[in-house]
Amino acid sequence: VELARQYSVEGADELVFLDIGATIENRKTLIDLVERVGASINIPFSVGGGISDEKIVYDLLQKGADKVSVNSAAIRHPELITKIASLYGAQCLIVAIDAKCIAGTWKVFTHGGQKPTERSLFEWAKEAQERGAGEKLQGVHGRLHRRGHR
């Protein structure tokens, strides 16, 4: 909470909190922390990790998040992207994509970049956009690339 407040005071224009341990540990994002951070800053606040259904999205938005980021759950259930976008708007939905080049082909990974999938990076990015993702956050070789899709 102190660091979030400090980033805001020092001129950050947005804060992104990705609790990548949530999916790996099979738990939800730390909603109480989101509430405390949201109450202490006045810049856009995005939250990700452990988001597996639209109810959690509702809770996070009510507690101070402006946007949510989904990854592993969206891979398992792509309709989650469509559902979240239709309920809350594409402007609050980020689809995070962890990708690695395996034998010359970019593949999507889940669980904080630990578990490989059969999905192609570019096909998945296109599908996420078509389903309603407002932004994509791509982790490629440890670098994050964030893009709006419009």
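Keep in mind that this is a model prediction, so the values were computed, not measured.
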Q: Could I get the full list of side-chain contact (heavy atoms from CB on, under 4.5 Å) partners for K115, not counting sequence neighbours?
A: T110, H111
Q: Between G132 and L93, which heavy-atom pair has the shortest distance, and what is it?
A: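 Closest heavy-atom pair between G132 and L93: O-CD2, 4.1 Å.
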Q: Who passes side-chain contact (heavy atoms from CB on, under 4.5 Å) against N42, sequence neighbours left out?
A: S8
Q: List the residues meeting salt bridge (Lys or Arg N to Asp or Glu O under 4.0 Å) with D13, not counting sequence neighbours, and say none if there are none.
A: none
Q: Which residues satisfy the side-chain contact (heavy atoms from CB on, under 4.5 Å) test with A39, sequence neighbours excluded?
A: none
Q: Please name all residues satisfying salt bridge (Lys or Arg N to Asp or Glu O under 4.0 Å) with K107, sequence neighbours left out, ordered by chain then number.
A: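 Counting only residues at least two positions away or on another chain, K107 forms no salt bridge (Lys or Arg N to Asp or Glu O under 4.0 Å).
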Q: Taking side-chain hydrogen bond (donor to acceptor under 3.5 Å, both in side chains) as the definition, give me every residue that meets it alongside Q114, ordered by chain and number, with sequence neighbours left out.
A: none
Q: How long is the straight-line distance from CD of E14 back to NZ of K67, given to the nearest 0.5 Å?
A: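 Between K67 NZ and E14 CD, I get 4.0 Å after rounding to 0.5 Å.
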Q: As an exercise, state the distance from CD1 of I41 to CG of L3, rounded to the nearest 0.5 Å.
A: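 Rounded to the nearest 0.5 Å, the CD1-CG separation comes out at 11.5 Å.
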Q: Is it the case that the side chain of K100 and the backbone of G113 share a donor-acceptor pair, with hydrogens and angles ignored and the cut-off at 3.5 Å?
A: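 Yes: the side chain of K100 pairs with the backbone of G113.
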Q: Identify the heavy atoms of A4 and V37 that sit nearest to each other, and give their distance.
A: CB-CG1, 3.6 Å
Q: With ILVMFWY side chains joined below 4.5 Å, transitively, what does I102's cluster contain besides itself?
A: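 Cluster partners of I102: F109.
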Q: How about L30 and D32: do any of their side-chain heavy atoms sit closer than 4.5 Å?
A: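 Contact flag for L30/D32 side chains = yes.
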Q: Does some side-chain heavy atom of L137 sit less than 4.5 Å from a side-chain heavy atom of V95?
A: no
Q: Do V9 and V16 share a hydrophobic cluster (ILVMFWY, side-chain heavy atoms under 4.5 Å, transitive)?
A: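 Looking at the clustering, V16 is in a separate group from V9.
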Q: Heavy atoms only: give me the nearest A65-V47 pair and the separation to one decimal.
A: CB-CG2, 3.8 Å
Q: Taking the side chain as C-beta and beyond, is there a heavy-atom pair between V57 and Y88 under 4.5 Å?
A: yes
Q: Counting only heavy atoms not in E79, do more than 12 sit closer than 6.0 Å to its CD atom?
A: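 Counting other residues, nucleotides and ligands, CD of E79 exceeds 12 neighbours.
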Q: For F17, I'd like to know if atom CZ has over 12 heavy atoms of other residues, nucleotides or ligands within 6.0 Å.
A: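 Yes, enclosed.
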Q: Just jot down the side-chain hydrogen bond (donor to acceptor under 3.5 Å, both in side chains) partners of R119, sequence neighbours excluded, or say none.
A: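 side-chain hydrogen bond (donor to acceptor under 3.5 Å, both in side chains) check on R119 returns E127.
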Q: To the nearest 0.5 angstrom, please state how far the CZ atom of R36 sits from the CD atom of E2.
A: 10.5 Å
Q: Specify the closest pair of heavy atoms between L80 and A73, including all atoms of both residues, with the distance to one decimal.
A: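 Nearest heavy atoms, L80 then A73: CD2-CB, 3.8 Å.
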Q: Give a yes or no on whether the backbone of V108 and the side-chain of T117 come within a donor-acceptor separation of less than 3.5 Å.
A: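 At least one qualifying donor-acceptor pair exists.
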Q: Please enumerate all residues that pass salt bridge (Lys or Arg N to Asp or Glu O under 4.0 Å) together with R5, with sequence neighbours excluded.
A: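 By the salt bridge (Lys or Arg N to Asp or Glu O under 4.0 Å) rule, R5 matches no residue at all.
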Q: Starting at OG of S72, measure out to CD1 of I51 and round the result to the nearest 0.5 Å.
A: 11.0 Å
Q: From E135 CD over to I94 CD1, what is the distance, rounded to the nearest 0.5 angstrom?
A: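 Those atoms lie 4.5 Å apart.
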Q: Does the side chain of I43 reach to within under 4.5 Å of the side chain of F45, using non-hydrogen atoms?
A: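 No, every pair of side-chain atoms sits at 4.5 Å or beyond.
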Q: Taking side-chain hydrogen bond (donor to acceptor under 3.5 Å, both in side chains) as the test, write out the residues that go with E10, two or more places apart.
A: Q6
Q: Taking D66 for its side chain and S46 for its backbone only, find out whether a donor-acceptor pair lies under 3.5 Å.
A: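 The answer is no, because no donor-acceptor pair under 3.5 Å joins these two groups.
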Q: Test side-chain contact (heavy atoms from CB on, under 4.5 Å) on L18 and S69 and set out the steps.
A: CA-CA 8 Å; L18 300 176; S69 175; 4.0 Å; yes
Q: Is there a side-chain contact (heavy atoms from CB on, under 4.5 Å) between L61 and C92 once you walk through the steps?
A: CA-CA 9 Å; L61 295 174; C92 80; 4.2 Å; yes
Q: For E123, what residues pass the salt bridge (Lys or Arg N to Asp or Glu O under 4.0 Å) criterion, not counting sequence neighbours?
A: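 If we apply the salt bridge (Lys or Arg N to Asp or Glu O under 4.0 Å) test to E123, skipping adjacent residues, there are no hits.
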Q: Show every side chain to side chain donor-acceptor pair (under 3.5 Å) that has at least one partner inside residues 48-64, sequence neighbours left out.
A: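 Applying side chain to side chain donor-acceptor pair (under 3.5 Å) to every pair that reaches into residues 48-64, excluding sequence neighbours, yields K55-D59.
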Q: Mind checking the CD1-CD1 spacing from I97 to I75? Nearest 0.5 Å is all I need.
A: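 Reported to 0.5 Å precision, the distance equals 7.0 Å.
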